[in-house]
Amino acid sequence: MTSSLDTRPSSLSYWAVIPAAGIGRRMGSEIPKQYLELRGRAIILHTLDRLLAHPSVNGVVVALSRHDGWWEHLEPHYDKPVTRVEGGIERCHSVLNALHELALHADDADWVLVHDAARPCLSHSDLDKLIQTLADDEVGGLLGVPVRDTMKRAEANDRVVDTVERENLWHALTPQMFRLGPLRHALEQAIEAEQLVTDEASAMEHAGYQPRLVEGSAGNIKITRAEDLVLADFYLQQQESN
Ligand SMILES: Nc1ccn([C@@H]2O[C@H](COP(=O)(O)OP(=O)(O)OP(=O)(O)O)[C@@H](O)[C@H]2O)c(=O)n1
Ligand SMILES: C[C@](O)(CO)[C@H](O)COP(=O)(O)O
């Protein structure tokens, strides 16, 4: 099905990690959302296409559910190594499992780009901007989009309790790009502290780092609910026609 990551790179490399072990509960579809098709191709393959198309990315580790019965029917063909690992209960566990696999073959100083399988609309320009901007950064960082709307915090009864200052408030996207060693240790520490972080930057922040935000396109949406499919199809169509 896939080759393993059997080559230790001679120079610093970039590896992709794709957390794809979710069940897509909020999507409410009969199959996990990463296997729904957009423009005739499974969402997860659109995502892999984008990461593996970048010349700096050496290979990818995909974290899949133990119960995943769809991957083997995709038979993706790439000229770069695609390795499968078992995902975990939460996204952070899936990512950490992928990092442990990567650590068998890559250097601690190598860059890792963690990108949601559910974000197929990542543009090449955004991925390249992230890689170029952070290539010499001491910490790493993530794609993000500054908040445009006024933000409210509510109580459980949906009553507003606060208006959140939106100055310097960003939406965190993916890829999130950090060096393998520090990210693996930060995630291990976060999980050990029962901080089940929802993104890699949170783990790095808990470890005392300040990740850098790199502005990306708002079109890099995470397909979460059914209505997101129409928007994602539009963005993919726009990319095809460019
Ligand atoms: N235990 C988990 C949970 C999520 N993910 C992945 O993390 C990404 C972002 O998570 P989300 O959008 O929340 O996906 P799901 O968890 O599948 O969605 P839901 O919360 O609606 O079930 C997705 O590509 C998902 O497959 C994962 O690898 N392992
Ligand atoms: C990583 C992420 O996509 C950044 O916005 C987000 O945190 C994933 O959260 P989810 O609850 O797993 O969708």
Side-chain angles (χ1 to χ4, degrees), residues 16-38 42-51 60-71 74 76 82-102 112-122 126-127 130 140-147 151 169-178 183 186-187 190-191 194-206 211-229 231-232:
V17 163
I18 307 289
I23 62 171
R25 177 180 40 80
R26 290 170 285 182
M27 176 58 73
S29 52
E30 290 184 4
I31 66 172
K33 62 189 180 184
Q34 55 270 35
Y35 294 106
L36 295 174
E37 288 198 0
L38 284 177
I43 286 169
I44 190 171
L45 294 186
H46 283 292
T47 302
L48 282 168
D49 295 347
R50 277 146 180 77
L51 271 293
V60 64
V61 181
V62 186
L64 301 174
S65 164
R66 153 184 326 184
H67 309 298
D68 186 302
W70 293 274
W71 175 261
L74 291 180
V82 177
T83 298
R84 169 182 183 168
V85 297
E86 188 171 308
I89 297 170
E90 300 293 339
R91 180 183 178 283
C92 57
H93 300 114
S94 299
V95 172
L96 186 55
N97 289 352
L99 295 179
H100 286 322
E101 168 66 26
L102 202 44
V112 180
L113 291 147
V114 183
H115 184 60
D116 296 328
R119 289 185 188 270
C121 303
L122 171 68
D126 274 9
L127 176 57
L130 183 71
L142 64 154
L143 284 179
V145 174
V147 163
M151 305 299 285
L169 198 57
W170 292 58
H171 295 281
L173 308 179
T174 67
Q176 304 202 3
M177 179 175 142
F178 298 103
L183 177 57
L187 265 176
I191 291 170
E194 297 183 355
Q195 299 279 346
L196 300 187
V197 292
T198 57
D199 75 338
E200 290 62 58
S202 298
M204 297 297 284
E205 294 156 43
H206 283 299
R212 179 169 174 188
L213 283 153
V214 177
E215 185 166 354
S217 164
N220 178 13
I221 64 169
K222 181 165 68 72
I223 296 174
T224 305
R225 300 180 189 283
E227 61 264 31
D228 299 328
L229 293 168
L231 198 50

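Along the sequence shown, the residues carry numbers beginning at 1. Treat the numbers as computed from the prediction; the structure is a model and nothing was measured. We count ligands from 1, going down the list as the structure has it; atoms in each ligand are counted the same way. Because only heavy atoms are used, hydrogens play no part in the values below, and waters and symmetry mates are left out as well, while side chains stay in.
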Asks: With atoms numbered from 1 as shown, which atoms in ligand 1 lie under 4.0 angstrom from a non-hydrogen atom of Ile89?
Replies: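 In order of number, 1 (N).
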Asks: List the closest protein heavy-atom neighbour of atom 17 (O) of ligand 1: residue, atom name, distance to the nearest 0.1 Å.
Replies: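 Nearest protein contact, heavy atoms only, for atom 17 (O) of ligand 1 is Gly24 N, 2.8 Å.
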Asks: In terms of residue, atom name and distance, what is the protein heavy atom nearest to atom 9 (O) of ligand 2?
Replies: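 Sorting protein heavy atoms by distance from atom 9 (O) of ligand 2 puts Thr198 O, 4.0 Å first.
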Asks: Kindly confirm or rule out an N or O of Pro19 lying under 3.5 angstrom from an N or O of ligand 1.
Replies: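 Yes, since at least one N or O of Pro19 sits under 3.5 Å from an N or O of ligand 1.
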Asks: Rounded to the nearest 0.5 Å, how far apart are CG of Leu74 and CD of Gln34?
Replies: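 Here the interatomic distance stands at 10.0 Å.
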Asks: Taking Asp116 first and then Arg91, would you say they form a salt bridge - that is, a charged N and a carboxylate O separated by under 4.0 Å?
Replies: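 Arg91 and Asp116: salt-bridged.
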Asks: Within the structure, is a non-hydrogen atom of Arg225 found at a distance of less than 4.0 Å from ligand 1?
Replies: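 Not so, Arg225 does not reach ligand 1.
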Asks: Using a 4.0 Å cut-off to any heavy atom of Ala118, which atoms of ligand 1 qualify?
Replies: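 Counting from 1, the qualifying ligand atoms are 24 (O).
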Asks: Check ligand 1 against Ile23 and write out every atom of the ligand that is under 4.0 Å from a heavy-atom position of the residue.
Replies: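 Atoms satisfying the 4.0 Å criterion: 17 (O), 22 (O).
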Asks: If we ignore hydrogens and angles and just use 3.5 Å, is the side chain of Thr47 paired with the main-chain N or O of Ala117 as donor and acceptor?
Replies: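 Answer holds: yes.
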Asks: Look up atom CG in Leu130 and atom CG in Leu143, then write down how far apart they are to the nearest 0.5 Å.
Replies: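 Going from CG on Leu130 over to CG on Leu143, the span is 4.5 Å.
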Asks: Would you indicate which of Arg91, Lys222, Arg26 comes nearest to atom 11 (O) of ligand 2 when only heavy atoms are counted?
Replies: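 Selected option, by shortest heavy-atom distance: Arg26.
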Asks: Quick test: of every protein heavy atom, which one is nearest to atom 22 (O) of ligand 1, and how far off is it to 0.1 Å?
Replies: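 Going atom by atom, the protein heavy atom closest to atom 22 (O) of ligand 1 ends up being Arg25 N, 2.7 Å.
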Asks: Is there a donor in the side chain of Ser217 and an acceptor in the side chain of Asn220, or the other way round, less than 3.5 Å apart?
Replies: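 No pair is found: no donor N or O on one side chain lies under 3.5 Å from an acceptor on the other.
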Asks: Which one holds for Thr174 and ligand 2: side chain close, backbone close, both close, or neither close, with close meaning a heavy atom under 4.0 Å?
Replies: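 Side chain only; the backbone of Thr174 stays clear of ligand 2.
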Asks: So which protein heavy atom does atom 28 (O) of ligand 1 come closest to, and at what separation?
Replies: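 Protein heavy atom at minimum distance: Ala21 N, 2.9 Å.
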Asks: I want to know if ligand 1 touches Lys222 in the polar sense, i.e. an N/O pair below 3.5 angstrom.
Replies: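 Yes; the residue has a nitrogen or oxygen that sits under 3.5 Å from a nitrogen or oxygen of the ligand.
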Asks: Could you see which bit of Arg119 sits under 4.0 Å from ligand 1, with heavy atoms only: side chain, backbone, both or neither?
Replies: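 For Arg119, no heavy atom sits under 4.0 Å from ligand 1.
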Asks: I need the single residue from Ile18, Leu51, Leu113, Val17 that forms a side-chain contact (heavy atoms from CB on, under 4.5 Å) with Val60. Which is it?
Replies: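 Filter result, single survivor: Ile18.
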Asks: Starting from atom 12 (O) of ligand 1, find the nearest protein heavy-atom neighbour and note its residue, name and distance.
Replies: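 In this structure, atom 12 (O) of ligand 1 has Lys33 NZ, 2.8 Å as its nearest protein heavy atom.
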Asks: So, is Asp116 polar-close to ligand 2, with some N/O to N/O distance under 3.5 Å?
Replies: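 Yes.
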Asks: Which one of Ala20, Ala98, Gly22 has a non-hydrogen atom at the shortest distance from atom 4 (C) of ligand 1?
Replies: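 Nearest heavy atom to atom 4 (C) of ligand 1 lies in Gly22.
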Asks: Tell me, with the steps shown, if Leu213 and Leu142 meet side chain to side chain contact (heavy atoms under 4.5 Å, CB included).
Replies: CA-CA 5 Å; Leu213 283 153; Leu142 64 154; 3.8 Å; yes
Asks: What is the distance from atom CG of Leu96 to atom CD of Glu200, rounded to the nearest 0.5 Å?
Replies: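 Going from the CG atom of Leu96 to the CD atom of Glu200 covers 10.5 Å.
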Asks: Which of the numbered atoms in ligand 1 are below 4.0 angstrom from a heavy atom of Ser94?
Replies: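 Checking each atom against Ser94, I get 1 (N), 2 (C), 27 (C), 28 (O), 29 (N).
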Asks: Applying a heavy-atom cut-off of 4.0 Å, say which part of Glu90 lies close to ligand 1: side chain, backbone, both or neither.
Replies: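 The backbone, only.
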Asks: Just wondering, do Pro175 and Val114 contact through their side chains at under 4.5 Å, heavy atoms?
Replies: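 Val114 vs Pro175: side chains apart.
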Asks: When rounded to the nearest 0.5 angstrom, what distance separates CZ in Arg50 from CG in Asp126?
Replies: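 Between atom CZ of Arg50 and atom CG of Asp126 there are 11.5 Å.
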Asks: Considering heavy atoms of the protein only, find what lies nearest to atom 8 (C) of ligand 1 and give residue, atom and distance to 0.1 Å.
Replies: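 Protein heavy atom with the smallest distance to atom 8 (C) of ligand 1: Asp116 OD1, 3.6 Å.
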Asks: Pick out which of Ile44, Ile31, Leu64 makes a side-chain contact (heavy atoms from CB on, under 4.5 Å) with Trp70.
Replies: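 Considering Ile44, Ile31, Leu64, a side-chain contact (heavy atoms from CB on, under 4.5 Å) with Trp70 is found only for Ile31.
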Asks: Pairs of nitrogen or oxygen atoms closer than 3.5 Å, one from Asp199 and one from ligand 2: do any exist?
Replies: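 The answer is no, given that Asp199 and ligand 2 share no N or O pair closer than 3.5 Å.
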Asks: Looking at ligand 1, is there an atom of it that comes within less than 4.0 Å of some heavy atom belonging to Gly87?
Replies: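 Under 4.0 Å: no for Gly87.
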Asks: Whether the Gln176 and Asp199 side chains hold a donor-acceptor pair (N or O, under 3.5 Å, no angle test) is what I'd like checked.
Replies: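 Their side chains do contain a donor-acceptor pair, which is all the 3.5 Å distance test asks for.
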Asks: Quick check against the 3.5 Å criterion: does His46 have a side-chain atom that pairs as donor or acceptor with the backbone of Leu38?
Replies: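 Looks like yes, one N/O pair under 3.5 Å.
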Asks: Note the single closest protein heavy atom to atom 5 (O) of ligand 2, along with its residue, its atom name and the distance in Å.
Replies: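 The closest heavy atom on the protein side is Ala172 O, 2.6 Å.
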Asks: Any N or O on Ile223 sitting closer than 3.5 Å to an N or O of ligand 1?
Replies: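 Among all N and O atoms of Ile223, none is under 3.5 Å from an N or O of ligand 1.
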Asks: CD1 of Ile43 to CD1 of Ile223: how many Å apart, nearest 0.5 Å?
Replies: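 The CD1 atom of Ile223 is 3.5 Å from CD1 of Ile43, to the nearest 0.5 Å.
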Asks: Any idea which protein heavy atom is nearest atom 10 (O) of ligand 1, and the distance to it?
Replies: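 Result: Arg91 CD, 4.4 Å.
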Asks: Return yes when atom CD of Glu227 has more than 12 non-hydrogen atoms of other residues, nucleotides or ligands closer than 6.0 Å, and no otherwise.
Replies: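 Enclosed.
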Asks: With heavy-atom distances below 4.0 Å as the criterion, list the atoms of ligand 2 near Arg119.
Replies: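 It comes down to these atoms of ligand 2: 2 (C), 3 (O), 4 (C), 5 (O).
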Asks: Identify the protein heavy atom lying closest to atom 13 (O) of ligand 1, giving its residue, its atom name and the separation to 0.1 Å.
Replies: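 It is Arg26 NH2, 2.7 Å.
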